[in-house]
Protein chains: 2
Amino acid sequence: MISLTEENYLKALIYLSFLAPGVEEKKDVGTNELASYLKLKSSTVNEMLKRLKEKNLINHEKYKKITLTPSGEQNGLKIVRKHRLWETFLFTKLDFDWIEIHEVAEQLEHIKSEKLVGKIDKLLGYPNFDPHGDPIPDKHGKIPQRITKNLSAVDIGKNCIVLAVSDTSKDFLNYLEDLGISIKTEIGLIDKIAYDRSIKIKIKDKQYSISKKVADNLLVNEKFN
Amino acid sequence: MISLTEENYLKALIYLSFLAPGVEEKKDVGTNELASYLKLKSSTVNEMLKRLKEKNLINHEKYKKITLTPSGEQNGLKIVRKHRLWETFLFTKLDFDWIEIHEVAEQLEHIKSEKLVGKIDKLLGYPNFDPHGDPIPDKHGKIPQRITKNLSAVDIGKNCIVLAVSDTSKDFLNYLEDLGISIKTEIGLIDKIAYDRSIKIKIKDKQYSISKKVADNLLVNEKFN
DNA sequence: ATTATTAGTTAGGTAATACTAACTATTATA
DNA sequence: TATAATAGTTAGTATTACCTAACTAATAAT
Ligand SMILES: [Mn+2]
Ligand SMILES: [Mn+2]
Ligand SMILES: [Mn+2]
Ligand SMILES: [Mn+2]
């Protein structure tokens with residue numbers, strides 16, 4: 001039996017070691033890094049590491065970095081899968097807002113029922129990506145791959161679809177909401193201003209100007225049409 | 001904040017004091033009664049009673065019986081409501097079996113999101129009864145009333161609809177499943193055998209004989225047709 | 001009215017999960 | 001290389017939620 005708390009540690013380790021945006025190859029994780037991500041003290045994390053090691057979910061030697069065992073990774077990916085499936089359910093079937101889904105999914109991800117996960121997956125039509133555009137691991141833990149680029153890398157005159165965001169802070173999500181940008185929003189790239197590297201875009205025939213910082217945090221798929 | 005464990009205690013108190021089948025007027029609950037229902041030791045329950053009293057959820061004087069405060073009752077009814085809404089959701093939207101839903105709802109009932117409960121309620125069309133035929137408290141805690149009688153009290157020749165069961169043990173539910181009896185199953189009462197008080201019934205033109213004990217645990221609504 | 005039984009409480013202990021404060025090991029910098 | 005900074009561990013404490021064993025209070029039986 002893996003406790004709710006242990007599940008959250010595994011999910012965090014998955015995230016920090018290879019699922020976080022910008023992490024290309026798997027990287028080892030430090031105690032303090034994990035503690036600060038979970039908003040806990042490193043002594044607390046240190047105790048839990050002993051328990052996770054005991055349960056053969058992580059590898060960890062005193063004063064060394066942490067890696068997930070195959071079992072730890074599988075179990076962690078199951079939580080990620082449930083989290084993202086629930087987010088998709090809340091968004092597409094219950095009309096929750098983009099911003100609200102995470103907090104509720106944080107609870108729902110811990111419901112223990114293989115059958116329930118399978119039924120929700122089926123109900124949603126076996127989606128590959130959640131409403132934030134993040135890939136949903138399949139039941140074996142396989143993560144669907146995506147070809148995305150930053151909006152700032154899109155060529156002038158091209159249209160693209162928002163697939164994901166690389167910043168999920170409330171500030172950023174609220175700003176996007178104001179602009180009317182969410183997953184699957186179509187954006188046309190009108191112009192790139194050399195002076196401040198800001199970008200002129202078009203959403204449903206309305207034009208907006210966004211900063212390079214914003215454009216860098218929007219991951220898109222260029223449209224071929 | 002009411003913890004998951006505290007919520008389960010409140011739900012148990014609601015059940016034992018007025019929601020259990022056969023309990024007509026509200027009755028006070030004893031420490032041991034609660035302990036045995038929750039499959040805990042009375043010392044454990046005794047400790048929790050202190051905390052629940054501290055939080056103004058129950059009234060309890062040393063060596064006396066337990067009663068719920070208005071706050072305790074409201075909070076307990078919210079859990080009952082969520083439990084029964086989730087059971088309905090699993091049964092009607094995800095094709096779960098009658099027998100499987102309880103265990104999963106036992107987890108889902110603790111998800112904290114007013115909005116989620118409301119959305120599920122709406123998705124289900126604001127149902128008054130769950131798949132076991134038990135009433136679903138509304139958002140204010142009001143419990144819809146029903147006119148039911150035991151199958152054994154139905155007159156010979158009449159037809160009736162199963163609304164609820166007063167025994168929810170796995171053994172009984174499995175037996176009903178074998179007979180093809182579930183909520184909303186139509187049963188015709190063919191004959192009552194005086195000798196052993198067994199009852200001859202008809203389900204979809206097939207005849208069966210059931211014991212008085214079984215008939216007593218089936219709550220039905222006589223059909224007027 | 002005693003006494004036996006049942007109901008309820010108290011004391012003391014454990015495991016999981018958190019904390020602070022104080023320590024040690026590793027790594028970076030001058 | 002010596003020292004400072006960072007990373008990680010240990011010790012001791014708290015809370016929640018469970019336990020067993022031993023007790024006391026209330027109630028039923030003789
Ligand atoms: Mn999320
Ligand atoms: Mn979580
Ligand atoms: Mn149930
Ligand atoms: Mn429960």
Side-chain angles (χ1 to χ4, degrees), chain A residues 1-13 15-17 20 23 27-68 72 75-76 79 106-107 109-112, chain B residues 1-13 15-17 20 23 27-68 72 75-76 79 106-107 109-112:
Chain A
M1 249 312 81
I2 300 178
S3 75
L4 185 151
T5 312
E6 289 166 346
E7 287 186 343
N8 282 337
Y9 275 80
L10 292 180
K11 192 166 62 114
L13 284 168
Y15 186 79
L16 294 172
S17 63
V23 182
K27 76 185 240 305
D28 297 354
V29 178
T31 307
N32 285 319
E33 185 186 4
L34 183 53
S36 97
Y37 179 74
L38 290 169
K39 296 185 174 64
L40 295 172
K41 301 298 162 182
S42 40
S43 55
T44 302
V45 168
N46 198 256
E47 282 233 318
M48 176 58 94
L49 294 179
K50 284 176 195 156
R51 241 170 299 144
L52 293 174
K53 192 189 174 185
E54 197 60 44
K55 290 188 172 184
N56 201 29
L57 295 163
I58 61 165
N59 307 117
H60 185 231
E61 299 308 321
K62 246 192 187 184
Y63 294 106
K64 297 281 158 60
K65 299 288 179 183
I66 311 151
T67 59
L68 285 157
N75 282 108
I79 309 301
E106 202 60 46
Q107 300 176 60
E109 71 188 2
H110 301 289
I111 301 293
K112 283 173 175 41
Chain B
M1 248 311 82
I2 301 177
S3 75
L4 185 149
T5 313
E6 289 165 348
E7 287 186 343
N8 282 337
Y9 274 80
L10 292 180
K11 191 165 63 115
L13 283 169
Y15 185 78
L16 294 172
S17 63
V23 182
K27 78 184 239 304
D28 297 353
V29 178
T31 306
N32 286 320
E33 186 186 4
L34 183 54
S36 96
Y37 179 74
L38 290 169
K39 296 186 172 65
L40 296 172
K41 301 299 163 181
S42 39
S43 56
T44 302
V45 168
N46 199 256
E47 282 228 320
M48 177 59 95
L49 293 180
K50 284 176 197 159
R51 235 173 305 145
L52 293 174
K53 191 188 175 186
E54 198 58 45
K55 290 188 172 186
N56 201 29
L57 295 164
I58 62 165
N59 306 117
H60 185 232
E61 299 307 319
K62 248 194 187 184
Y63 294 107
K64 296 282 158 58
K65 300 289 178 183
I66 310 150
T67 58
L68 285 157
N75 283 106
I79 310 300
E106 201 60 46
Q107 300 177 60
E109 71 189 3
H110 301 289
I111 301 293
K112 283 172 175 42

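Predicted, not measured: the structure shown is a model, and the values here were computed from it. The sequence lines fix the lettering, A, B, ..., with proteins before strands; numbering per chain opens at 1.
For the pair His60(A) NE2 and dG8(D) C1', the computed distance is 8 Å after rounding to whole Å. Per the geometry, CG belonging to Asp28(B) stands 16 Å off C1' belonging to dA26(D), to the nearest Å. Atom NZ in Lys65(B) sits roughly 10 Å away from atom C1' in dT6(C) (whole-Å rounding). Regarding Tyr63(B), its OH atom lies at a distance of 5 Å from the C1' atom of dA25(D), rounded to whole Å.
Thr31(B) comes within 4.0 angstrom of the backbone, heavy atoms only, and of no base. Residue-level contact check: Lys64(B) touches neither bases nor backbone, having no heavy atom under 4.0 Å from any strand.
Applying side chain to side chain contact (heavy atoms under 4.5 Å, CB included) to Leu52(B) and the options Ile58(B), Ile66(B), Asn59(B) leaves one that passes, Ile58(B).
Residue Lys41(A) qualifies as open at atom NZ: its count of foreign heavy atoms under 6.0 Å is 12 or below.
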Quick one, give me the B/S/- string for nucleotides 13-20 of chain C, reading 5' to 3', where B means a protein heavy atom under 4.0 Å from the base and S means that only happens at the primed atoms, P, OP1 or OP2.
---SBSBB
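Contact check, Lys62(B) against dT10(C): a side-chain N or O comes under 4.0 Å of OP1 or OP2.
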Any chance you could lay out the side-chain contact (heavy atoms from CB on, under 4.5 Å) test for Glu33(B) and Lys65(B), step after step, and finish with the verdict?
CA-CA 10 Å; Glu33(B) 186 186 4; Lys65(B) 300 289 178 183; 5.8 Å; no
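Take Lys64(A) and apply the salt bridge (charged side-chain N to carboxylate O under 4.0 Å, His left out) test, not counting sequence neighbours, and it matches no residue.
Rounding to the nearest 0.5 Å places OG1 of Thr44(B) at 6.0 Å from OH of Tyr9(B).
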